[in-house]
Amino acid sequence: MKKLNKIGVLTSGGDAPGMNAAIRAVVRKCFYEKIEIVGVVKGYQGLIDDNIRLLDPSSVSGILKEGGTILKSARSKDFRTKEGRGKAYINILKHGIDALIVIGGDGTFTGANIFGEEFNIPVVGIPGTIDNDLYGTDLTIGYDTALNTVVEAVDKIRDTATAHSRLFFIEVMGRDAGFIALSAGVASGAEVVLLPEKPTSYDELKGFLEKQYSYQKESSIVLVAEGENMGSTLDIANRVNEEHPEYDARVTILGHLQRGGSPTVVDRILASELGVAAVDALLEGQNSIMVGMVKDEIEYVPFIKAIKNKKNVNSRLLNLISVLSG
Ligand SMILES: Nc1ncnc2c1ncn2[C@@H]1O[C@H](COP(=O)(O)OP(=O)(O)OP(=O)(O)O)[C@@H](O)[C@H]1O
Ligand SMILES: O=P(O)(O)OC[C@H]1O[C@](O)(CO)[C@@H](O)[C@@H]1O
Ligand SMILES: [Mg+2]
C-alpha cells in the first residue's frame, strides 16, 4: 500500500448540517496522524477548476456548530463527463494528493466510485445528506437536524391549523426518499404521510381525509415528501379544495430552510465519529467504501452497496401514523 502523505477532502451535492463537523474531524484527525490535508472548494467542480487549499487545525476552529459547509458544495455537471474527471485527476497529481474523502449523498458516491475505478485513487465517503437515503448507515449526517427543523415548523403550523379548523398540506424535502416525511410525521402527529416508497392514490387520500373530517378533528396535517407519486402538492390541495371546500385546505412548502441551521448533538457526534473513521479507513488501505454507523458500530460499506441497495422505510412507523391519527 502506498504511504498516505496527503489527503483531499470535499463536500458535494446538497449541503447538510454537520458537514462542517465532519470536515473538522477529518482535518484534526489528519493533524493527529501527521498527514497533510487539503480542502477542495465546491465539490467535484473544485477538483476540475483547481480550487484547492491547504487546511490546518486552526482553519476548522469554531465550525463544529455551524450549518452549511466551509468548503462550499456544488452539483458538478462537468464531473459527469470523462473529460471533466480527467481534468480533476490532473489536479490531484499536481497537488500530490494520495487519497480523497468525499462527504455527500448517493450521487456523490456514484461519482466517487467511477472516479476511483478510472484513475485508481483511493476514495472513502462520509454520508452527508438530509435525505437519509443511503444503505449501510442508520443515519446520514444532517438528517436529524432537518427532522428537528421540520417538526418545529409543523408544530407551529398545527397551532394556526387548529385555530382555524383547517387541513394543511406541508411539503418536505426528499426527491426520491420519504424518510423525512415519515419520521417527522410520527414526531409531529401528522394524520397522513405521502411517500415515494409507498404510492397512494388520490381516492385513498380522499378516503383518509373524509374519515378524519368525520371524526370532527380540530385540524389535519398531511406531510408530503416532494417525490411522492401524485404530482405537485399544490395541485393535490387544489383538487381537494374543489371537491371539499369545507376542509379549507392550505399549503406550506418548507423548502431549503430544512437544509440550514446549527447541527443537533446527534449530527455533531455522528459527523465527528465518521470523520475520524474515514481517515482510519484510508490508513487501513480501504478504498471505494462509505463509512457508516449501524447500531452504534462503524461499518465499511462498498459504495456500490450504499448506492444500489434499497434502504427501506420503517413499516412500523408507517403503521403508527394510521393507528395514532384517529
Ligand atoms: N453518474 C455520475 N457520474 C459522475 N459524477 C456523478 C454521477 N452522479 C453524481 N455525480 C456527481 O456527484 C454530485 C452530487 O450528486 P447529487 O447532486 O445527486 O447529490 P447527492 O450527493 O446525492 O446529495 P443530495 O441528494 O443530498 O443532494 C453531482 O453533482 C455530480 O457532480
Ligand atoms: O435545490 P437543490 O440544491 O437542487 O436541492 C434539492 C434536493 O436536495 C435534497 O435536499 C437533498 O439535499 C433533496 O431532498 C432535494 O430534492
Ligand atoms: Mg442524493
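All values below were derived from every heavy atom in this structure, side-chain atoms included, with hydrogens, water molecules and symmetry-related copies excluded. Numbers here are sequence positions counted from 1.
Checked against a 6.0 Å centroid threshold, the rings of Phe79 and Phe115 count as neighbours.
Comment: Asp78 does not engage Arg80 in a salt bridge, judged by the lack of any side-chain N to carboxylate O separation of less than 4.0 angstrom.
The CD atom of Glu36 sits 10.0 Å away from the SG atom of Cys30 when rounded to the nearest 0.5 Å. Note that NZ of Lys29 and CZ of Arg24 are 14.0 Å apart. Values are rounded to the nearest 0.5 Å. Here CD1 of Ile304 is found 14.0 Å from CD1 of Ile289. Values are rounded to the nearest 0.5 Å. In this structure, CG in Leu282 is found 10.0 Å from CG in Asp98, a value given to the nearest 0.5 Å. Interatomic distance, CD1 of Ile141 versus OG1 of Thr11, reported as 11.0 Å (0.5 Å rounding). Distance check: Asp56 CG to Leu54 CG gives 6.5 Å after rounding to the nearest 0.5 Å.
Contact of the Arg75 side chain with the Gln45 side chain is not registered, since no non-hydrogen atoms from C-beta on lie closer than 4.5 Å. Counting heavy atoms from C-beta outward, Asp176 and Pro196 have side chains that stay 4.5 Å or more apart. Residues Phe31 and Ile37 fail the side-chain proximity criterion, which asks for heavy atoms closer than 4.5 Å. Tyr44 is listed as a side-chain neighbour of Val102, based on a closest heavy-atom distance under 4.5 Å. Counting only heavy atoms from C-beta outward, the side chains of Arg85 and Tyr89 never approach each other to under 4.5 Å. Residues Met293 and Asp138 have side chains not in contact (no heavy-atom distance under 4.5 Å, counting atoms from C-beta outward). Considering only heavy atoms from C-beta on, Leu182 comes within 4.5 Å of Leu195 through its side chain.
Residue Val192 is not grouped with residue Ile157 when hydrophobic side chains (ILVMFWY) are merged at heavy-atom distances under 4.5 angstrom, including chains of intermediate members. Val27 and Ile63 fall within a single hydrophobic cluster, where Ile, Leu, Val, Met, Phe, Trp and Tyr are joined by side-chain heavy atoms under 4.5 Å apart, directly or via other members.
Under a cutoff of 6.0 Å and an axis angle of 45°, Arg166 and Tyr247 do not form a cation-pi pair. A cation-pi contact, defined as under 6.0 Å to the ring centre and within 45° of the axis, links Lys311 to Phe179.
Nearest heavy atom pair, residue Ile97 against residue Ile7, reads CG2-C, 4.2 Å.
With Glu171 as the partner, the side chain to side chain contact (heavy atoms under 4.5 Å, CB included) test is satisfied by one option alone out of Val222, Leu254, Ile253: Ile253.
No more than 12 heavy atoms of other residues, nucleotides or ligands shown are found within 6.0 angstrom of CG on Asp296. Few gaps surround CD on Glu118; more than 12 heavy atoms of other groups in view lie less than 6.0 Å from it. Other residues, nucleotides and ligands place more than 12 heavy atoms under 6.0 Å from the CD atom of Glu246.
Side-chain N/O atoms of Ser325 and Glu191 include no donor and acceptor closer than 3.5 Å. Side-chain N/O atoms of Ser219 and Arg158 include a donor and acceptor closer than 3.5 Å.
Side chain of Glu299 to main chain of Val301: no donor-acceptor pair is present (N/O by atom type, distance under 3.5 Å, no hydrogens or angles).
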